[in-house]
Engineer: 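Once you've had a glance at the structure underneath, I'll fire off some questions.
Since the model is a prediction, treat every value here as computed from it, not as a measurement. Just so it is clear: chains get the letters A, B, ... in the order the sequence lines come, proteins before strands, and each one is counted from 1.
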There are 2 protein chains.
Amino acid sequence: MAINRNFELLLHDNQLKVTNPRLSVLKLIADQEAATSQPMLEKVLGKEVDRVTLYRILKTFEEKGILHKIIDLNGTANYAICSSDCTAHNHRDEHFHFNCSNCHKVYCMDDFHLPAIAMPPGFTAATLSLAITGICNHCNQ
Amino acid sequence: MAINRNFELLLHDNQLKVTNPRLSVLKLIADQEAATSQPMLEKVLGKEVDRVTLYRILKTFEEKGILHKIIDLNGTANYAICSSDCTAHNHRDEHFHFNCSNCHKVYCMDDFHLPAIAMPPGFTAATLSLAITGICNHCNQ
DNA sequence: TCTCAAAATGCAATATAATTGCATTTACAA
DNA sequence: TTGTAAATGCAATTATATTGCATTTTGAGA
């Protein structure tokens with residue numbers, strides 16, 4: 001399967017071994033239009049991947065810059081595939097996230113960039129994260 | 001004490017009874033320059049206020065629009081006194097929050113307002129929340 | 001293809017955090 | 001002063017996250 005090959009390459013590139021649990025996690029997250037919540041991952045993968053393994057996979061993926069962890073406004077962790085310019089040492093996360101208050105999905109709005117914000121004196125900004133709540137395009141129609 | 005009188009009025013105005021645990025929570029949060037994290041509240045109030053009571057107080061305060069709950073980028077809940085134009089039915093929260101990556105404090109930047117953001121088609125925004133990580137003015141010097 | 005060490009997994013146990021139920025206490029209106 | 005609804009605090013439960021370790025698996029090298 002072509003898409004699996006890509007995941008294998010992705011794992012290889014990050015010095016990670018190719019295992020079924022890891023492929024399952026990547027496949028599931030990549031299939032979603034929105035970021036996938038940790039509870040959802042647990043629920044869907046519950047049968048085939050151990051809870052603890054899932055925690056560890058998400059942790060290493062995040063450390064390697066493969067996945068992107070987004071804490072939504074309820075404090076729930078959500079994961080999305082990092083855009084290609086993310087690496088372990090340089091997370092690009094200046095775009096914003098949209099939390100649908102109806103279906104609770106988290107959308108990464110990669111294409112929309114944030115305007116510059118003036119900081120108060122003494123404060124230096126490193127990363128920006130804009131979360132917007134509202135109704136998504138599916139729930140709106 | 002003048003400041004306690006204000007808290008009593010605040011509670012009265014919201015049809016809440018004046019109790020020691022509630023006053024302790026309000027006092028502690030009002031004393032902080034930054035928003036106060038739930039773990040910190042637990043730690044400081046642990047002796048005088050039961051854990052469960054603290055949960056319930058924070059919940060009702062948030063529902064009444066007295067406190068403002070901010071989930072930081074680690075998923076930890078932080079609480080700040082709402083500005084006066086917050087009510088139970090109309091939370092004003094268009095300002096942004098600054099997470100210091102050194103001392104982990106969360107600052108509410110009430111005075112800085114967000115520029116308008118254009119939404120993709122089909123998405124309707126209800127609330128905005130901009131979180132910025134960086135170094136705060138205290139840790140910078 | 002086979003071998004083997006390092007890596008990854010899965011289970012059990014533990015730790016931490018949040019929620020629920022209920023009996024007791026307290027605030028405050030009448 | 002009294003009665004009642006609200007609030008508290010304890011115990012028990014549930015949910016969530018972490019740690020330790022034995023077993024399995026991957027994949028580089030023989």
Side-chain angles (χ1 to χ4, degrees), chain A residues 4-29 36-64 66-67 69-79 88 104, chain B residues 4-29 36-64 66-67 69-79 88 104:
Chain A
N4 272 356
R5 276 234 66 79
N6 287 339
F7 291 151
E8 293 181 17
L9 281 177
L10 180 60
L11 291 171
H12 275 132
D13 288 350
N14 285 281
Q15 292 88 43
L16 295 174
K17 292 186 173 174
V18 177
T19 67
N20 285 329
R22 282 174 175 168
L23 290 174
S24 302
V25 169
L26 286 176
K27 187 161 187 344
L28 177 54
I29 293 178
T36 315
S37 72
Q38 174 139 352
M40 175 61 74
L41 287 166
E42 268 181 50
K43 203 173 140 200
V44 176
L45 297 174
K47 302 285 164 62
E48 43 182 325
V49 181
D50 185 79
R51 233 175 101 70
V52 178
T53 303
L54 179 58
Y55 275 107
R56 291 194 269 228
I57 288 176
L58 293 172
K59 186 156 177 285
T60 54
F61 280 3
E62 197 204 350
E63 285 166 359
K64 293 285 186 175
I66 295 173
L67 288 185
K69 182 183 190 173
I70 307 145
I71 303 289
D72 70 19
L73 298 174
N74 302 310
T76 305
N78 290 260
Y79 294 89
H104 296 104
Chain B
N4 271 355
R5 276 233 66 78
N6 288 339
F7 291 151
E8 294 181 16
L9 281 178
L10 181 59
L11 291 172
H12 274 132
D13 288 348
N14 285 280
Q15 293 88 42
L16 295 174
K17 292 185 174 175
V18 177
T19 66
N20 284 328
R22 282 174 175 168
L23 290 174
S24 302
V25 169
L26 285 175
K27 188 164 188 338
L28 178 53
I29 293 178
T36 316
S37 73
Q38 174 140 350
M40 174 61 74
L41 288 166
E42 267 180 51
K43 203 173 142 201
V44 177
L45 298 173
K47 301 285 164 61
E48 44 181 324
V49 181
D50 184 78
R51 232 175 101 70
V52 177
T53 302
L54 179 57
Y55 275 108
R56 291 194 269 228
I57 287 175
L58 294 172
K59 187 158 178 284
T60 54
F61 280 4
E62 197 205 350
E63 286 167 357
K64 293 285 188 176
I66 295 172
L67 288 185
K69 182 182 190 173
I70 306 144
I71 302 289
D72 70 19
L73 298 174
N74 301 311
T76 305
N78 291 260
Y79 293 89
H104 296 105

Engineer: Hey, what do you get for CD1 (B/Ile70) to OG1 (B/Thr36), rounding to the nearest 0.5 Å?
Structural biologist: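 It is 9.0 Å, given to the nearest 0.5 Å.
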Engineer: Taking only residues two or more places apart in sequence or in another chain, which ones pass side chain to side chain contact (heavy atoms under 4.5 Å, CB included) with B/Glu48?
Structural biologist: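 Here the qualifying residues are B/Ser24, B/Leu45.
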Engineer: Check each residue of residues 51-61 of chain B for a non-hydrogen atom within less than 4.0 Å of any atom in DNA chain C, then write out the ones that pass by number, or none.
Structural biologist: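 Heavy-atom cutoff 4.0 Å gives B/Arg51, B/Val52, B/Tyr55, B/Arg56.
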Engineer: For residues A/Thr76 and A/Pro39, report the shortest heavy-atom separation together with the two atoms involved.
Structural biologist: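 The answer is CG2-CD, 3.6 Å.
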Engineer: Using every non-hydrogen atom in the two residues, find where A/Phe61 and A/Val25 come nearest and quote the distance to one decimal.
Structural biologist: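 Looking at all heavy atoms of both residues, the closest pair is CE2-CG1, 4.2 Å.
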Engineer: Are B/Leu11 and B/Leu23 close enough that some pair of their side-chain heavy atoms sits under 4.5 Å apart?
Structural biologist: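 A side-chain contact under 4.5 Å exists here.
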Engineer: Locate the shortest heavy-atom distance separating A/Arg22 from A/Lys17; write the atom from each residue and the value.
Structural biologist: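 Looking at all heavy atoms of both residues, the closest pair is NH1-O, 3.0 Å.
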Engineer: In whole angstroms, how far is the C1' atom of D/dA17 from the CG atom of A/Leu41?
Structural biologist: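 Whole-Å distance recorded here is 15 Å.
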Engineer: Where do N or O atoms of nucleotides 25-28 of chain D meet protein N or O atoms at under 3.5 Å, pair by pair?
Structural biologist:
| from | atom 1 | to | atom 2 | distance (Å) |
| --- | --- | --- | --- | --- |
| D/dT26 | O2 | A/Lys17 | NZ | 2.9 |
| D/dG27 | OP1 | A/Val18 | N | 2.7 |

Engineer: In this structure, which one of A/Leu9, A/Thr60, A/Ile66 forms a side chain to side chain contact (heavy atoms under 4.5 Å, CB included) with A/Asn14?
Structural biologist: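 Considering A/Leu9, A/Thr60, A/Ile66, a side chain to side chain contact (heavy atoms under 4.5 Å, CB included) with A/Asn14 is found only for A/Ile66.
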Engineer: Quick one: CD on A/Gln38 to CG on A/Leu54, what's the gap to the nearest 0.5 Å?
Structural biologist: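 Going from CD on A/Gln38 over to CG on A/Leu54, the span is 6.0 Å.
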Engineer: Considering only heavy atoms of chain A and a distance under 4.0 Å, specify the first and last nucleotide of DNA chain C in 5' to 3' order that meet this criterion.
Structural biologist: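 Listed 5' to 3', the contact boundaries are C/dA6 to C/dA12.
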Engineer: Report the C-alpha separation of B/Val49 and B/Leu41 in whole Å, then their side-chain angles, then the decisive distance to 0.1 Å, and conclude whether the side chain to side chain contact (heavy atoms under 4.5 Å, CB included) test is met.
Structural biologist: CA-CA 10 Å; B/Val49 181; B/Leu41 288 166; over 6 Å; no
Engineer: Which heavy-atom pair separates B/Ile57 from B/Pro21 by the least distance, and what is that distance?
Structural biologist: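 Taking every non-hydrogen atom into account, CD1-CB, 3.6 Å.
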Engineer: Taking only residues two or more places apart in sequence, or in another chain, which ones meet B/Arg51 in a side chain to side chain contact (heavy atoms under 4.5 Å, CB included)?
Structural biologist: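 In terms of side chain to side chain contact (heavy atoms under 4.5 Å, CB included), with neighbours along the sequence ignored, B/Arg51 is linked to B/Glu42, B/Tyr55.
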Engineer: Please give the angle, rounded to 10 degrees, between the axes at the start and the end of the helix from C/dT1-D/dA30 to C/dA30-D/dT1, where five pairs define each axis.
Structural biologist: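 That helix gives 30° between its end axes.
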Engineer: Which pair of non-hydrogen atoms, one from B/Ile71 and one from B/Lys69, has the smallest distance, and what is that distance?
Structural biologist: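 Scanning both residues, the minimum pair turns out to be CD1-CE, 4.0 Å.
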Engineer: A/Gln38 has an atom CD; how far is it from atom P of D/dA15, in whole Å?
Structural biologist: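 One finds 16 Å between P of D/dA15 and CD of A/Gln38, rounded.
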Engineer: Which atom pair, heavy atoms only, marks the closest approach of B/Tyr79 to B/Ile29?
Structural biologist: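 Minimum heavy-atom separation between B/Tyr79 and B/Ile29: O-CG2, 3.7 Å.
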